[in-house]
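See below for the structure under consideration.
As the structure is a prediction and not an experimental result, all values here were calculated from the model. Below, each value reflects all heavy atoms present in this structure, side chains not excepted, and no hydrogens, waters or symmetry copies.
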Amino acid sequence: MLKLISYKDISTHSDLFFSQFQLRHREFIERQSYAVKSIDGMEFDEYDSLAAQYLVFTEDGRTVLGCSRLTPIDLGCMLADHFPDLVEDKSIFTAPRVWEGTRFCIDSRLPSEMRRLICQSLAVGYIEFGLAHGVDQIIGLMPTLILRSVFERAGLTLHRLGSPRAIGTHARIQAAAIPIRSWQRDRVYEATGLRDLLTADFRSVEEHVA
């Protein structure tokens, strides 16, 4: 199942909250040798702030098998801070209602069919989260292979923000934007056969606020 968590859920979903950082450590530091921060077998950076929302996929409610971080860019934007040369029209960085998707991560030890399901679930989660939170676009940078095999294969239309570049061990990294629209939701639902993955989480938030 796909869940949306933040710092507000540490008391009720502490296993999931910390498991995602452990997964990121295995996939980014141990497997891909990223030179990023870590502590106690968990990977983190300055964008893991109180503003961050996390999409996490779990089967047992404790262990995260896939995840991605979402943050409003006016409270921190990795693309603007570290990779602005990947974006041709930098007005995107001051546009309203833009969030950034980062730290997209799947447990590489899983069978291919499970990895595909998690990829599709996270793609659906991007759109459902965006529509529920009044987001206009979600931006980010990823290997071009991931942009095609995860998001476009899931039925989403992407807008490339610049030309691909070689970064680290990746030959082709590219910045892109996902327009958050109801027609995008309809397309990803049709392409993946998945829908309403975050409905329970949104209802829980609404009940808590009420």
Side-chain angles (χ1 to χ4, degrees), residues 1-6 8-9 13 16 20 47 51-59 61 64-75 77-79 87 89 91-93 95-106 113-161 174-210:
M1 61 179 170
L2 189 69
K3 291 193 68 63
L4 179 69
I5 62 175
S6 71
K8 297 177 182 178
D9 302 293
H13 294 298
L16 288 177
Q20 65 175 324
Y47 304 102
Q53 301 275 336
Y54 301 96
L55 293 171
V56 298
F57 187 97
T58 180
E59 287 191 307
V64 173
L65 303 177
C67 60
S68 187
R69 177 178 62 197
L70 293 164
T71 50
I73 65 168
D74 59 338
L75 295 177
C77 181
M78 180 188 296
L79 190 56
V87 177
D89 183 359
S91 66
I92 188 75
F93 296 136
R97 304 188 310 282
V98 177
W99 285 57
E100 183 178 37
T102 52
R103 288 304 194 261
F104 190 97
C105 182
I106 310 292
E113 285 301 315
M114 176 58 75
R115 295 199 306 271
R116 183 177 300 109
L117 171 62
I118 296 171
C119 286
Q120 291 176 340
S121 298
L122 289 170
V124 171
Y126 267 42
I127 296 299
E128 290 186 348
F129 172 88
L131 288 173
H133 290 79
V135 178
D136 184 63
Q137 300 181 79
I138 295 176
I139 64 173
L141 72 157
M142 290 185 183
T144 55
L145 176 63
I146 300 299
L147 293 176
R148 293 195 303 269
S149 63
V150 173
F151 293 99
E152 291 182 328
R153 183 174 293 177
L156 296 178
T157 295
L158 306 181
H159 294 161
R160 266 55 172 188
L161 299 177
Q174 192 167 27
I178 303 173
I180 304 301
R181 305 288 187 272
S182 59
W183 57 264
Q184 289 268 55
R185 176 193 58 205
D186 296 341
R187 287 185 53 162
V188 75
Y189 281 177
E190 181 178 359
T192 65
L194 305 171
R195 63 177 57 236
D196 300 322
L197 299 185
L198 295 176
T199 300
D201 292 277
F202 295 149
R203 185 182 301 119
S204 175
V205 171
E206 291 169 357
E207 291 171 352
H208 177 73
V209 172

(request) Check the pair Leu198, Leu2 against side chain to side chain contact (heavy atoms under 4.5 Å, CB included), reporting the backbone distance first and the verdict last. (result) CA-CA 7 Å; Leu198 295 176; Leu2 189 69; 3.9 Å; yes

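- Nearest approach of Met78 to Glu100, heavy atoms of both residues: N-OE1, 2.8 Å.
- Without hydrogens or angle criteria, His13 side chain to Asp9 main chain gives no donor-acceptor distance under 3.5 Å.
- Between the SG atom in Cys77 and the CZ atom in Phe93 there is a gap of 5.5 Å [rounded to 0.5 Å].
- Within 6.0 Å of atom CZ in Arg160, more than 12 heavy atoms from other residues, nucleotides or ligands are found, so the atom counts as buried in its surroundings.
- Between Thr58 and Gly61 the shortest heavy-atom distance is OG1-N, 2.9 Å.
- Listed here is the closest heavy atom pair of Ile92 and Ile73: O-CD1, 3.6 Å.
- Here CD of Gln53 is found 10.0 Å from CG of Asp201. Values are rounded to the nearest 0.5 Å.
- Taking every heavy atom of both residues into account, Ile138 and Gly101 meet most closely at CG2-N, 3.7 Å.
- Under 4.0 Å is where a charged nitrogen must lie from a carboxylate oxygen, and between Asp136 and Arg181 at least one such pair does.
- By the 4.0 Å N-to-carboxylate-O rule, Glu113 lies close enough to Arg116 to be salt-bridged with it.
- Between the Gln184 side chain and the Pro179 main chain, a donor and an acceptor come within less than 3.5 Å of each other.
- Not one N or O on the side chain of Arg69 forms a donor-acceptor pair closer than 3.5 Å with the backbone of Thr102.
- Two residues are said to be in side-chain contact when any heavy atoms from C-beta on lie closer than 4.5 Å; Leu141 and Gln174 fail this criterion.
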(request) Test Ile178 against Gln137 for side chain to side chain contact (heavy atoms under 4.5 Å, CB included), laying out the working first. (result) CA-CA 5 Å; Ile178 303 173; Gln137 300 181 79; over 6 Å; no

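- Between Phe57 and Ile106, the closest side-chain pair of non-hydrogen atoms is not below 4.5 Å.
- Between Phe104 and Phe151, the distance from one ring center to the other falls under 6.0 angstrom.
- In this view, Asp196 and Glu128, Tyr189, Thr199 satisfy the side-chain contact (heavy atoms from CB on, under 4.5 Å) rule, not counting sequence neighbours.
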